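What you are looking at is a predicted structure, and each value in this text was computed from that prediction instead of being measured.
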Amino acid sequence: MRYLTDSHTMKSVDACSIQEFGIPSVVLMERAALGVSAFLRKIIAENTRQESSIKVVCVCGSGNNGADGIAVARQLNENGIYADIVLVGTSAGTDEYRLQKSIAEKLGIHCDEYDSNTDFGEYDYIVDAIFGIGLSRKIEGRYAQIIQAVNNARDKGTSKVVAVDIASGISADNGQIQGVAVRADYTVTFGYNKTGIMFYPGASYSGSVEVINAGFVTDEILHSKVEGFGSIFTYDDKDAGRLLVRKPDSNKGTYGRTLIIAGSKNMGGAAILSASAAYRSGTGLVKVLTHEVNKTALLCRMPECLISTYLDNMPLAAELKADFEWAKSIAVGPGLSMNGVAAELTRCVLEREDKVRILDADALNIIAAEHIDYKGSSEGKIIITPHIMEMSRLTGKTAADIKEHMIESAKEYAIQHSCICILKDARTVVTDGQKVYINCTGNDGMSTGGCGDVLTGLIAGMTAMGLDAFEAACLSVYVHGKAGDYAAAGKGRVGMTAADISEAIAYVLKR
């Protein structure tokens, strides 16, 4: 697990280290700058035979981010790498900025004010230290011209750009571009990765991201001292191993039973994809409730499955009661359509408050269309899996507003409905209203039909195995994305299918 921070939390981390524990700001700044300069020297060494021929320019605003940049230039010069400083700030600057500028001037480091004749293209590396994580306004006028000049030098192919903490112009909270932003090849960020670097479009402006220790107090201290610290996080490969453990003296009953209600007359493939993913997750038994016309196809493709079927005019209550009693988790929605039977099935699942329930696709569309009011319960959890447009139907918000405020939109809905919300996009957000997981696996090849059905089956399987519902939701999204990356590596992002992703789950979880 790796913690992430937004601008507010990161400022609190900084303040806690300085004000409560007495670590001088200039010490933190020196540590941060040492991390950037060491990273730059490593990149230069890997790509250049003669370091002495390299020219670097640090483009510095008048805040603490600019002070970091001046310190980077000083340290590079100390290590034999030529580095100029170009000052672009319009104010006297912070105390730290004035101190770093004074040191650089006394050491005779070349330091110029920016003007329209400044040519960034003559440098091999441009260090972007114009704005840090505190930027909250749209960039216009002179600053926009400077950022465009940096981007022009990069676009010509003569210069690589290294951003200090965050590429200037990206919101550190949501990744939105504040009018214009530097396009970095590398970002060296301090302490923790920022949510704005995770989300698009900020992610595409950040290049390769390196997180360095800048000398803040430890995670253990921050958990107790900084409100909200640790509530936003992401996973890595170690987490899958930590959460999914098999037992040598087990049987199929050990790993749970899930019921997947999916597949209408014309959408039988959704049931197959969801059931396949549920079994790939490691669950013991999967039963599919689907329309009668899908029975033969399901038996041929998924002989492992138990099957229940329904007809359009068939009473459902008695059949559902037995299936619901049997299952530890229930998923409803993939390929279900939006007819009367589908609506009845969705309502029946919502009423079963003692089970973990996963609501996807048409189940969510039915809830939105029929204005069904629901809440999770203490006995069982509800997990919903909307993409942006489905979330728009559920909330009445515009897709653009939801996309710009992914965390806030998901948290608000999760709190209102006492559920776990998996808001799907290029960076998927999972939240129970308090904790927030941001997923960084997956690729654009997963923009294909049936991909969401695979995720639903994966969640159903993991919750059936007894994992905590929130952990199961986070881990399912992570594994789903990793499986997509595995499939893309073998089949390519253009030609991969949802079935390829389902098959790849087994390789991602291979022990």
- request: Taking the side chain as every heavy atom from C-beta outward, state whether I170 and Q178 have any atom pair closer than 4.5 Å.
  value: no
task: Step through the shown structure and confirm whether more than 12 heavy atoms of other residues, nucleotides or ligands are within 6.0 Å of NZ on K355.
output: yes
field: Pair E503 + R280, salt bridge at N-O below 4.0 Å
entry: no
- prompt: Where is the tightest heavy-atom contact between G449 and A498, given as atom of each residue plus distance?
  reply: O-CB, 3.5 Å
- prompt: Going by atom types alone, do N174 and S171 pair a side-chain donor with an acceptor below 3.5 Å?
  reply: yes
message: Restricting to non-hydrogen atoms, name the atom on S231 and the atom on Q434 that form the minimum distance, rounded to 0.1 Å.
response: CB-O, 4.0 Å
task: List the steps and the verdict of side-chain hydrogen bond (donor to acceptor under 3.5 Å, both in side chains) for T385 and D360.
output: CA-CA 5 Å; T385 64; D360 180 42; 2.6 Å; yes
- request: Taking the side chain as every heavy atom from C-beta outward, state whether H480 and M446 have any atom pair closer than 4.5 Å.
  value: yes
task: Carefully, step by step, assess T258 and S329 under the rule side-chain hydrogen bond (donor to acceptor under 3.5 Å, both in side chains).
output: CA-CA 5 Å; T258 189; S329 68; 2.8 Å; yes
message: Testing the 3.5 Å rule here: is there a donor-acceptor pair between the side chains of S250 and Y255?
response: yes
task: Check the surroundings of atom CD in E379: do more than 12 heavy atoms from other residues, nucleotides or ligands lie under 6.0 Å from it?
output: yes
query: Going by the ring-ring contact (aromatic ring centres under 6.0 Å, His included) test, which pairs reach into residues 180-200, not counting sequence neighbours?
result: F39-Y186, Y192-F229
query: Going through the checks in order, is the side-chain hydrogen bond (donor to acceptor under 3.5 Å, both in side chains) test met by D362 and S337?
result: CA-CA 6 Å; D362 285 326; S337 297; 4.8 Å; no
message: Any donor-acceptor pair under 3.5 Å linking the side-chain atoms of D500 with those of T497?
response: yes
task: Would you mind checking if K397 and E412 are paired as a salt bridge, meaning a charged N to carboxylate O distance below 4.0 Å?
output: yes
task: Apply the test side chain to side chain contact (heavy atoms under 4.5 Å, CB included) to residues Y413 and T431: give CA-CA distance (whole Å), side-chain angles for both, the deciding distance (0.1 Å), then the verdict.
output: CA-CA 9 Å; Y413 192 89; T431 182; over 6 Å; no
- prompt: With under 30° as parallel and over 60° as perpendicular, where do the rings of Y3 and H223 fit, or are they tilted in between?
  reply: perpendicular
- request: For residues L345 and L289, determine if any side-chain heavy atom of one lies less than 4.5 Å from a side-chain heavy atom of the other.
  value: yes
field: Closest contact, heavy atoms only, S17 versus L28
entry: CB-CD1, 4.2 Å
- prompt: So do the side chains of L458 and M462 get within less than 4.5 Å of each other, counting heavy atoms only?
  reply: yes
task: Determine the sole option in D237, D239, T234, D236 for which the side chain to side chain donor-acceptor pair (under 3.5 Å) test with Y478 is passed.
output: D237
- prompt: For residues N193 and R2, is any side-chain donor paired with an opposing acceptor at under 3.5 Å?
  reply: no
message: Suppose we screen for side-chain contact (heavy atoms from CB on, under 4.5 Å). Which residues come up paired with K435, at least two apart in sequence or across chains?
response: F233, D432, F470
- request: Mind listing the closest non-hydrogen atom pair of S377 and R357 along with its distance?
  value: OG-NH2, 4.0 Å
- request: Please indicate whether F21 has more than 12 foreign heavy atoms, meaning atoms of other residues, nucleotides or ligands, lying under 6.0 Å from its CZ.
  value: yes
query: Between D354 and R352, does at least one N-O distance fall below 4.0 Å, as a salt bridge requires?
result: yes
Closest non-hydrogen atom pair, P334 against D453: CB-OD1, 3.3 Å
message: Could you check whether any side-chain heavy atom of I382 comes within less than 4.5 Å of a side-chain heavy atom of S418, counting everything from C-beta outward?
response: no
- request: Begin from the C-alpha positions of V286 and M302 and carry the test side chain to side chain contact (heavy atoms under 4.5 Å, CB included) through to its verdict.
  value: CA-CA 10 Å; V286 178; M302 290 293 302; over 6 Å; no
query: Should K194 and D165 count as an ion pair when the cut-off is N to O under 4.0 Å?
result: yes
field: Check: C440 and M198 side chains under 4.5 Å, non-hydrogen atoms
entry: yes
message: For L359, run the side-chain contact (heavy atoms from CB on, under 4.5 Å) check against I383, I330, L350 and tell me which one passes.
response: L350
- prompt: Do other residues, nucleotides or ligands put more than 12 heavy atoms under 6.0 Å from the NE2 atom of H8?
  reply: no
Trace of the side-chain hydrogen bond (donor to acceptor under 3.5 Å, both in side chains) decision for D444 with S447: CA-CA 6 Å; D444 51 25; S447 301; over 6 Å; no
